[in-house]
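This report concerns only the one structure given below.
Computed from a predicted model, the values in this text were never measured in an experiment.
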Amino acid sequence: MSTRIAFLKGHGTENDFVIVPDPENAVDLPPAAVAALCDRRAGIGGDGLLHVVRSAAHPEAKAMAAEAEWFMDYRNGDGSVAEMCGNGVRVFARYLQRAGHVSAGDIAVATRGGVKSVHIDKDGDITVGMGRALFPAGDVTVSVGGRTWPARNVNMGNPHAVAFVEDLAHAGDLSAPPPCSPAAAYPDGVNVEFVVDRGPRHVALRVHERGAGETRSCGTGACAVAVAAARRDGADPARTGTPVTYTVDVPGGTLVITERPDGEIEMTGPAVIVAEGVIETDWLEDALG
């Protein structure tokens, strides 16, 4: 390790991240180091960590290097690896813009969930092509306290269970994962969204993010919620040929989700870099014991 490691802090609708620029993949970030950096009292604090690496320099991304120069090596706040993070992609793109690696307009970002198309609007918002939603077969239920709800199983490159409820308070304390049944539906854990209606094609959610607890926002979760709401409402762009757009309120702000007739889902929202500095490696080594 070098004496110091550069970092930045950013958020997308208050889903916040530690950003570690490391173009050549030279910084060792074991799970315990990520968890220490994301600790909100003893570390920098974040729902997750964005490790910024050139695709050609990372073994998991080399195959995507011809399509996307940069790889978002995303980690959850507990240090575990995740396939994708929608808010994280927007913040990742904002960092690339700030660092001068890209300009406003269209770019591609490699993720474990595939290459994502990103548009950086000159007026500030960032739109991410989130891919298509899959609907794994089988019934799923979510439980909190004495209540149980049917949930829609949606996969956005990562797994989601979407439950429509009467009141977001029914979700209770989301620091721990709400029980989902059958457990075999989510062998690697699941993101759980509780959803209420706010108006025509307008919903609000609370979310437990796998590996992070309750967060202020979840981009893939907002997409999963929008497509689940659309199907509940009888809207399927692939059948009608007409795009469907939902406004999704999250605790940290608002995202706009559009599903196109070809199945591609686009998410639009803000992304902000709030600070930058250096990590003292002596501290990090002490934190790792």
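Remark: side-chain polar atoms of Arg201 are not paired, donor with acceptor, to backbone N or O of Ala226 under 3.5 angstrom. A donor-acceptor pair under 3.5 Å is absent between the side-chain atoms of Arg90 and the main chain of Val118, judged by distance alone. Judged by distance alone, the side chain of Thr281 and the main-chain N or O of Leu284 form no donor-acceptor pair under 3.5 Å. No donor-acceptor pair closer than 3.5 Å links the side chain of Asn76 to the backbone N or O of Asp78. Remark: side-chain polar atoms of Tyr186 are paired, donor with acceptor, to backbone N or O of His160 under 3.5 angstrom. Arg132 contributes a side-chain N or O that, together with a main-chain N or O of Asp262, makes up a donor-acceptor pair within less than 3.5 Å. Checked by atom type and distance alone, the side chain of Asn191 pairs as donor or acceptor with a backbone atom of Pro159 at under 3.5 Å. When atom types are taken as modelled, the side chain of Ser55 and the backbone of Ala68 share a donor-acceptor pair closer than 3.5 angstrom. Lys9 places a side-chain N or O within 3.5 Å of a backbone atom of Gly45 that can act as its donor or acceptor partner.
By the rule that hydrophobic residues join a cluster once side-chain heavy atoms approach within less than 4.5 Å of another member, Leu49 and Leu96 end up as members of separate clusters. Under the 4.5 Å side-chain contact rule for hydrophobic residues, Val142 and Val154 do not share a cluster. Residues Ile107 and Phe92 share a hydrophobic cluster, clusters being chains of Ile/Leu/Val/Met/Phe/Trp/Tyr side chains in contact below 4.5 Å. No path of Ile, Leu, Val, Met, Phe, Trp and Tyr side chains, each step under 4.5 Å between heavy atoms, connects Val53 with Val34, placing them in separate hydrophobic clusters. No single ILVMFWY cluster, assembled from side-chain heavy atoms under 4.5 Å apart, contains both Val102 and Val115.
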Practice problem: Kindly determine whether Ile44 and Phe7 satisfy side chain to side chain contact (heavy atoms under 4.5 Å, CB included), including the steps that lead there. | Solution: CA-CA 10 Å; Ile44 297 166; Phe7 81 92; 3.7 Å; yes
Quiz prompt | Worked check of salt bridge (Lys or Arg N to Asp or Glu O under 4.0 Å) between Arg206 and Glu193 | solution = CA-CA 6 Å; Arg206 287 179 61 199; Glu193 287 83 24; over 6 Å; no
Quiz item: Could you walk me through whether Leu50 and Tyr95 pass the side chain to side chain contact (heavy atoms under 4.5 Å, CB included) check?
Solution: CA-CA 10 Å; Leu50 306 176; Tyr95 163 74; over 6 Å; no
Exercise. Quick one: do Phe71 and Arg54 satisfy side chain to side chain contact (heavy atoms under 4.5 Å, CB included)? Show the steps, please.
Key: CA-CA 6 Å; Phe71 173 54; Arg54 281 197 168 88; over 6 Å; no
Practice problem: Evaluate the criterion salt bridge (Lys or Arg N to Asp or Glu O under 4.0 Å) for residue pair Arg147 and Glu166; output intermediate values, then yes/no. | Solution: CA-CA 12 Å; Arg147 294 186 174 94; Glu166 293 181 358; over 6 Å; no
Practice problem: Let me see the working for Val20 and Val18 under side chain to side chain contact (heavy atoms under 4.5 Å, CB included), right down to the final yes or no. | Solution: CA-CA 7 Å; Val20 178; Val18 179; 4.3 Å; yes
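Here CZ of Arg94 is found 13.0 Å from CG of Leu8. Values are rounded to the nearest 0.5 Å. Residue Cys223 holds its SG atom at 5.5 Å from CD1 of Ile265, rounded to the nearest 0.5 Å. A distance of 7.5 Å separates OG1 in Thr268 from CD1 in Ile257, rounded to the nearest 0.5 Å. If you take NE2 on His11 and OG on Ser217, they are separated by 10.5 Å, rounding to the nearest 0.5 Å. Interatomic distance, CE of Met267 versus CE of Met156, reported as 8.5 Å (0.5 Å rounding). Once rounded to the nearest 0.5 Å, the distance linking OG of Ser103 with CD of Gln97 reads 7.5 Å.
Between Ala185 and Val140, the shortest heavy-atom contact is CB-CG2, 4.3 Å. When all heavy atoms of Asn25 and Pro59 are compared, the closest pair comes out as ND2-CD, 4.0 Å. Counting all heavy atoms, side chain and backbone alike, Val162 lies closest to Ala228 at CG1-CB, 3.9 Å. Looking at every heavy atom in both residues, Val250 comes nearest to Thr254 through CG2-N, 4.4 Å. Across all their heavy atoms, Val244 and Pro237 have their closest contact at CG2-CG, 3.6 Å. Val91 and Gly12 get closest at one heavy-atom pair: CG2-N, 3.6 Å.
Electrostatic pairing of Glu60 and Arg112 counts as a salt bridge here, judged by a charged N lying under 4.0 Å from a carboxylate O. Comment: Arg216 does not engage Glu209 in a salt bridge, judged by the lack of any side-chain N to carboxylate O separation of less than 4.0 angstrom. Glu276 has a carboxylate O that lies under 4.0 Å from a charged side-chain N of Arg98, or vice versa, which qualifies the two as a salt bridge. Look at Arg4 and Glu280 and you find a salt bridge, because one of the NZ, NE, NH1 or NH2 atoms lies within 4.0 Å of a carboxylate O, short of that distance. One finds no salt bridge joining Asp39 and Arg41 here, because no Lys/Arg side-chain nitrogen approaches an Asp/Glu carboxylate oxygen to under 4.0 Å. For Arg231 and Asp233, the salt-bridge test fails: no basic side-chain N is under 4.0 Å from an acidic carboxylate O. Ion pair Arg40/Asp16 flagged as a salt bridge, since at least one NZ, NE, NH1 or NH2 atom sits closer than 4.0 Å to an Asp/Glu carboxylate oxygen.
For the 3.5 Å distance criterion, the side chains of Thr148 and Ser143 qualify, holding a donor opposite an acceptor. For the residue pair Asp197 / His202, no side-chain donor-acceptor distance below 3.5 Å is found, with atom types taken as modelled. Between Thr215 and Asp47, the side chains place no donor N or O within less than 3.5 Å of an acceptor N or O (distance only, hydrogens not considered). No donor-acceptor contact under 3.5 angstrom links the side chains of Thr13 and Asn15, judged on distance only. With hydrogens and angles left out, the side-chain atoms of Thr220 and Asn158 include a donor and acceptor closer than 3.5 Å.
When each of Leu29, Leu37, Ile279, Asp22 is checked for a side chain to side chain contact (heavy atoms under 4.5 Å, CB included) with Ile5, only Ile279 meets the rule. Partner His119 forms a side-chain hydrogen bond (donor to acceptor under 3.5 Å, both in side chains) with one of Asp106, Asp125, Thr127 and no other, that one being Asp106.
Residues Trp149 and Phe194 place their aromatic rings such that the two centres sit under 6.0 Å apart.
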